[in-house]
Amino acid sequence: MDIVILAVVIAVVVLGALGGLIVGSRRKKQLPPPPPAAPDITAPPAEPHVGDEAETPRDEPRRTIEEVDLPDGSAPVVVEEPPAEAPEIEIPEPTAGRLVRLRTRLSRSQNALGKGLLTLLSREHLDEDTWEEIEDTLLTADVGVQPTQELVERLRERVKVLGTRTPEELRTLLREELVTLVGPDMDRVVKTEPEDRKPGIVMVVGVNGTGKTTTTGKLARVLVADGQSVVLGAADTFRAAAADQLQTWGERVGAHTVRGPEGGDPASVAFDAVKEGKEMGANVVLIDTAGRLHTKTGLMDELGKVKRVVEKQAPVDEVLLVLDATTGQNGLVQARVFSEVVDITGIVLTKLDGTAKGGIVVAVQRELGVPVKLVGLGEGADDLAPFEPEAFVDALIGE
């Protein structure tokens with residue numbers, strides 16, 4: 001009997017242990033997975049606490065009041081930016097005697113014309129072959145056929161009368177004849193000061209590539225150097241940046257520039273320039289026109305329109321034709337066509353320092369019947385000089 005009771009007790013204990021194992025395994029399977037570890041994020045600085053939540057103060061290095069820089073009570077320092085600098089106004093060099101100072105720039109023309117003629121005239125026997133060489137020298141220098149024949153005829157007559165010829169006598173003879181040929185009695189003053197009104201109005205015309213806009217800017221410097229106030233009219237609205245170029249020239253000498261939109265009406269810009277010149281009390285208004293090709297009739301007609309529109313306010317006092325001295329006879333063709341459209345009153349010869357064709361001065365005056373008033377002798381800002389016949393001839397034949 002005791003054995004039976006012991007067996008039952010053992011069975012109950014075994015069953016209870018098995019049941020506990022089964023229940024424990026089920027509970028383990030039902031438990032959720034542990035949450036992922038939180039990322040290591042630096043906590044923001046804690047807010048200050050008061051009362052019971054306040055932390056125990058920590059010992060930190062502290063500065064005494066003597067070590068602290070206190071404001072002295074003065075007003076705060078305000079750093080002002082420097083004002084934008086206005087462009088520096090240049091003072092051009094005087095125009096009186098400028099051609100004399102620039103005479104060395106005519107070295108190429110001097111060698112071809114002046115020294116060439118002196119060498120030929122210094123020969124012991126002046127036969128027909130020598131006179132033909134003299135004619136060729138003059139023609140090569142673009143003096144022109146008719147002026148060349150006149151000069152050679154006068155030289156032959158005077159040399160025959162002179163007889164024995166010293167170098168100094170020949171130089172004096174040649175100088176006198178060349179001055180006569182250039183025309184010392186022609187009025188070469190650029191008319192910018194009409195007696196009855198202000199301002200004087202000057203139009204500058206010419207084909208592309210002659211340096212017309214640059215010449216207009218240099219002419220402004222010439223006028224400012226002579227004490228006149230100038231307004232520039234940028235009526236060349238067809239060439240890109242022409243107005244900017246002219247304005248830059250004006251700013252350098254304090255001249256105001258009137259301009260319009262690119263591709264706008266040139267006559268309108270010219271009209272506004274004269275109007276503003278009157279309002280400002282300027283002495284002179286210089287109008288730079290487009291570099292029109294002499295072969296395009298429509299553009300030449302527009303040049304005439306510009307002049308007519310300007311003259312609704314006041315007469316144009318000067319129309320200066322800018323010619324490139326290096327173009328030779330082609331420049332004479334340009335001069336002839338321009339003179340048919342507007343009344344040319346004066347000629348500006350540019351790049352005269354870069355050519356052996358100094359005789360173009362004579363030829364173009366004969367072609368138009370108007371004087372050369374200004375000559376360009378270099379790339380510098382003050383290399384535009386009033387034309388002086390005696391100084392020009394002296395530069396051609398040398399000392």
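Scanning both residues, Pro315 and Ile201, for their nearest heavy atoms gives O-CD1, 3.7 Å. Considering all non-hydrogen atoms of both residues, Ala325 and Lys357 come closest at O-CB, 4.5 Å. Between Val231 and Ala282, the closest heavy-atom pair is CG2-CB, 3.7 Å. Pairing each heavy atom of Glu135 with each of Thr148, the nearest pair is O-CG2, 3.9 Å. Scanning all heavy atoms of the two residues, the minimum distance from Lys278 to Gln313 falls at NZ-O, 3.2 Å. Minimum heavy-atom separation, Thr289 to Val204: OG1-O, 2.7 Å.
At a threshold of 4.0 Å, the pair Asp272-Lys275 does not count as salt-bridged, since none of the basic side-chain nitrogens sits closer than that to a carboxylate oxygen. Between Asp127 and Arg123 there is no salt bridge, since no side-chain nitrogen of the basic residue lies less than 4.0 Å from a carboxylate oxygen of the acidic one. Lys307 and Glu302 are not joined by a salt bridge, as no carboxylate oxygen comes within less than 4.0 angstrom of a charged side-chain nitrogen. Arg197 has a carboxylate O that lies under 4.0 Å from a charged side-chain N of Asp317, or vice versa, which qualifies the two as a salt bridge. Under the 4.0 Å criterion applied to side-chain N and carboxylate O atoms, Arg158 and Glu176 are assigned as salt-bridge partners. Comment: Lys218 does not engage Glu379 in a salt bridge, judged by the lack of any side-chain N to carboxylate O separation of less than 4.0 angstrom. Under a 4.0 Å N-O distance rule, the pair Lys198/Glu193 does not qualify as a salt bridge.
Side-chain contact between Val364 and Leu332: present, with at least one pair of heavy atoms (C-beta onward) separated by less than 4.5 Å. Side-chain atoms of Arg188 and Pro389, non-hydrogen and from C-beta on, do get closer than 4.5 Å to each other. Counting heavy atoms from C-beta outward, Leu170 and Ser122 have side chains that approach closer than 4.5 Å. In this structure the side chain of Lys373 reaches within 4.5 angstrom of the side chain of Lys191, judged on heavy atoms. Side-chain contact between Ile134 and Leu117 is present, with heavy atoms from C-beta onward closer than 4.5 Å. Counting only heavy atoms from C-beta outward, the side chains of Glu169 and Thr166 approach each other to under 4.5 Å. For the pair Phe392 and Leu352, the minimum side-chain heavy-atom distance is below 4.5 Å. Residues Leu232 and Gln247 have side chains not in contact (no heavy-atom distance under 4.5 Å, counting atoms from C-beta outward).
Gln146 and Arg366 share no side-chain donor-acceptor pair at under 3.5 Å. Side-chain polar atoms of Thr237 and Arg259 form no donor-acceptor pair below 3.5 angstrom. In summary, the side chains of Thr345 and Glu318 do present a donor paired with an acceptor at a separation below 3.5 Å, with no hydrogens or angles considered. No hydrogens or angles considered: a donor-acceptor pair under 3.5 Å links the side chains of Thr214 and Gln245. Side-chain polar atoms of Asp324 and Thr210 form no donor-acceptor pair below 3.5 angstrom.
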- Item | Intermediate values then yes/no, side chain to side chain contact (heavy atoms under 4.5 Å, CB included), Leu320 and Leu219 | CA-CA 11 Å; Leu320 298 177; Leu219 178 56; 3.8 Å; yes

- Begin with the C-alpha distance, continue with both residues' side-chain angles, and end with the deciding distance and a verdict on side chain to side chain contact (heavy atoms under 4.5 Å, CB included) for Leu151 and Leu138. CA-CA 9 Å; Leu151 179 59; Leu138 291 167; 3.7 Å; yes

- Query: Stepwise, does the side chain to side chain contact (heavy atoms under 4.5 Å, CB included) test hold for Val375 with Leu377?
  - Reply: CA-CA 6 Å; Val375 289; Leu377 294 168; 4.2 Å; yes

- Step-by-step side chain to side chain contact (heavy atoms under 4.5 Å, CB included) determination, Asp236 to Thr213: CA-CA 8 Å; Asp236 185 354; Thr213 299; 4.1 Å; yes

- Task: Quick one: do Glu90 and Arg221 satisfy salt bridge (charged side-chain N to carboxylate O under 4.0 Å, His left out)? Show the steps, please.
- Result: CA-CA 9 Å; Glu90 300 178 9; Arg221 295 179 65 90; 2.9 Å; yes

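Scanning for ring pair (Phe, Tyr, Trp, His ring centres under 6.0 Å) contacts around Phe271 gives an empty result, with sequence neighbours left out. Checked against salt bridge (charged side-chain N to carboxylate O under 4.0 Å, His left out), Glu279 has no partners two or more places apart in sequence or in another chain.
Distance CG/Leu173 to CD/Glu168: 11.5 Å, rounded to 0.5 Å. Note that CG of Leu349 and OG1 of Thr327 are 8.5 Å apart. Values are rounded to the nearest 0.5 Å. Rounding to the nearest 0.5 Å places NE2 of His256 at 12.0 Å from OG of Ser229. Separation of atoms CZ (Arg308) and CG (Leu303) is listed at 9.5 Å; rounding is to 0.5 Å. Atom-to-atom distance recorded for Glu251:CD and Leu246:CG is 10.5 Å, nearest 0.5 angstrom. Taking CG of Leu223 as the reference point, atom CG of Leu286 lies at 5.5 Å (rounded to 0.5 Å).
Both Val222 and Val322 are part of a single hydrophobic cluster, where members link through side-chain heavy atoms under 4.5 Å apart. Placement of Val190 and Val319 in two distinct hydrophobic clusters is found when ILVMFWY residues are connected by side-chain heavy-atom separations under 4.5 Å, directly or transitively. Linking ILVMFWY side-chain heavy atoms closer than 4.5 Å, directly or via other members, places Leu181 and Leu139 in two distinct hydrophobic clusters. Taking hydrophobic clusters as Ile, Leu, Val, Met, Phe, Trp and Tyr residues chained together by side-chain heavy-atom distances below 4.5 Å, Trp131 shares a cluster with Leu113. Ile360 and Leu99 fall within the same hydrophobic cluster, where Ile, Leu, Val, Met, Phe, Trp and Tyr residues are linked whenever their side-chain heavy atoms come under 4.5 Å apart, directly or through other members.
Formation of a donor-acceptor pair under 3.5 Å by the Thr350 side chain with backbone atoms of Leu323 is found in this model. With Ser339 contributing its side chain and Leu368 its backbone, the two residues share no donor-acceptor pair below 3.5 Å. Under a 3.5 Å cut-off, the side chain of Asp383 and the backbone N or O of Gly376 do not form any donor-acceptor pair. Side chain of Arg98 to main chain of Leu384: a donor-acceptor pair is present (N/O by atom type, distance under 3.5 Å, no hydrogens or angles). The main-chain N or O of Asp265 is never found under 3.5 Å from a side-chain atom of Ser268 such that the two would form a donor-acceptor pair. Lys212 places no side-chain N or O within 3.5 Å of a backbone atom of Gly206 that could act as its donor or acceptor partner.
Counted within 6.0 Å of CD on Glu390, heavy atoms from surrounding residues, nucleotides or ligands total more than 12; the atom is thus considered enclosed. The local environment of NZ in Lys115 is sparse, with at most 12 non-hydrogen atoms from other residues, nucleotides or ligands closer than 6.0 Å.
Each of Leu174, Asp394, Val393 was checked for a side-chain contact (heavy atoms from CB on, under 4.5 Å) with Val179, and the lone residue meeting it is Val393.
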